[in-house]
Amino acid sequence: ITQGSKEKGKVNPALGHLARLINVYASAGMMPDKMKLVAVIHGPATPVVLNNEEFKSKFGIDNPDIKLIDELKKNGVVFYVCGQALADNNYKHDWVNKDITIALSALTVVPTYQLRGFALMAW
């Protein structure tokens, strides 16, 4: 997930795509517990990983992505944020939503999963 939301206060569209992907497969009979989905967040999308307190401090509104991230996590999605993107944005590790794992770099996580047979879907 590389892009931020274009509208202040709106859920990041890539998270919506991820939810739709789960729903499409579920409607075809493949339930979330049979899927392995990993989301790697970096670049302009990095603010979605902030906990509500820090997001509100920085942007003046509640983080609109927290609820959907929680639902996706309950449906088996594993979330990572690029540690380099956190550093680039001067975000402290303890500001990150507890449902998201901090990775050394998106440049390490993405190819690691690709070598394990995962397909890259860039949003």
Side-chain angles (χ1 to χ4, degrees):
I1 299 175
T2 61
Q3 297 300 311
S5 180
K6 293 186 184 343
E7 295 182 55
K8 186 176 181 177
K10 297 290 184 178
V11 170
N12 184 294
L15 295 174
H17 288 302
L18 191 51
R20 273 196 301 282
L21 175 73
I22 291 170
N23 290 336
V24 165
Y25 277 101
S27 70
M30 180 181 261
M31 301 314 290
D33 63 334
K34 302 294 182 201
M35 293 183 252
K36 293 183 180 178
L37 300 172
V38 177
V40 182
I41 301 165
H42 61 106
T46 305
V48 306
V49 307
L50 294 174
N51 64 40
N52 198 58
E53 181 181 339
E54 294 302 330
F55 192 93
K56 194 169 192 170
S57 170
K58 297 226 170 286
F59 302 105
I61 58 171
D62 289 327
N63 185 340
D65 302 298
I66 288 177
K67 186 175 180 180
L68 184 51
I69 288 171
D70 180 57
E71 287 299 315
L72 291 167
K73 181 98 175 177
K74 287 177 185 172
N75 281 281
V77 178
V78 175
F79 284 93
Y80 290 95
V81 62
C82 174
Q84 304 306 303
L86 291 176
D88 288 347
N89 286 285
N90 296 312
Y91 295 163
K92 295 180 182 177
H93 286 204
D94 62 348
W95 295 357
V96 175
N97 177 334
K98 63 177 176 42
D99 288 329
I100 299 171
T101 300
I102 300 169
L104 173 65
S105 171
L107 294 172
T108 59
V109 175
V110 172
T112 297
Y113 275 95
Q114 285 180 294
L115 288 170
R116 293 178 184 167
F118 283 67
L120 176 63
M121 300 174 80
W123 290 314

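Leu86 and Val38 are members of different hydrophobic clusters when ILVMFWY side chains are connected at heavy-atom separations under 4.5 Å. When hydrophobic clusters are built by joining Ile, Leu, Val, Met, Phe, Trp and Tyr residues whose side-chain heavy atoms come closer than 4.5 Å, directly or via intermediates, Leu107 is not grouped with Leu115. Linking ILVMFWY residues whenever their side-chain heavy atoms come closer than 4.5 Å, directly or via other members, places Val109 and Phe118 in the same cluster. Cluster membership for Ile102 and Ile100, using ILVMFWY side-chain heavy atoms within less than 4.5 angstrom, is shared. The cluster map of Ile, Leu, Val, Met, Phe, Trp and Tyr, joined by side-chain heavy atoms under 4.5 Å apart, puts Val81 and Phe79 in the same cluster.
Between Pro64 and Val11, the shortest heavy-atom contact is O-CG2, 3.2 Å. Closest non-hydrogen pair, Ala106 versus Pro111, comes out as O-CD, 4.0 Å. Taking each heavy atom of Met30 and Met35 in turn, the nearest pair found is O-CE, 3.5 Å. Listed here is the closest heavy atom pair of Ala19 and Leu68: CB-CD1, 4.2 Å.
Side-chain contact between Tyr91 and Glu54: absent, with no pair of heavy atoms (C-beta onward) separated by less than 4.5 Å. A 4.5 Å side-chain heavy-atom check between Gln84 and Leu104 finds at least one atom pair inside the cut-off. By the 4.5 Å heavy-atom criterion applied to side chains, Leu50 and Phe59 are counted as neighbours. Looking at heavy atoms from C-beta onward, Asn63 lies out of side-chain contact with Asn51 at the 4.5 angstrom threshold. Between Leu21 and Met121, the closest side-chain pair of non-hydrogen atoms falls below 4.5 Å. A 4.5 Å side-chain heavy-atom check between Ile61 and Phe55 finds at least one atom pair inside the cut-off. For the pair Asn12 and Trp123, the minimum side-chain heavy-atom distance is 4.5 Å or more.
Applying the 6.0 Å contact sphere to CD of Glu71 captures more than 12 heavy atoms from other residues, nucleotides or ligands. By the neighbour-count criterion of 12 heavy atoms within 6.0 Å, atom OH of Tyr113 is densely surrounded, having more than that number from other residues, nucleotides or ligands.
To the nearest 0.5 Å, atom CD of residue Gln3 and atom NE2 of residue His42 are 9.5 Å apart. One distance of note links CG of Leu72 with CG of Leu37; it measures 9.0 Å at 0.5 Å rounding. Distance check, rounded to the nearest 0.5 Å: CD1 of Ile69 to NZ of Lys98 gives 10.5 Å. One finds the OG atom of Ser27 at 12.0 Å from the CD1 atom of Ile22 (value rounded to the nearest 0.5 Å). Residue Lys34 holds its NZ atom at 10.5 Å from CE of Met31, rounded to the nearest 0.5 Å. Rounding to the nearest 0.5 Å places CD1 of Ile1 at 13.0 Å from SG of Cys82.
Between the Asp62 side chain and the Lys56 main chain, no donor and acceptor come within less than 3.5 Å of each other. Between the Asn97 side chain and the Val49 main chain, no donor and acceptor come within less than 3.5 Å of each other. Side chain of Asp70 to main chain of Ile66: no donor-acceptor pair is present (N/O by atom type, distance under 3.5 Å, no hydrogens or angles).
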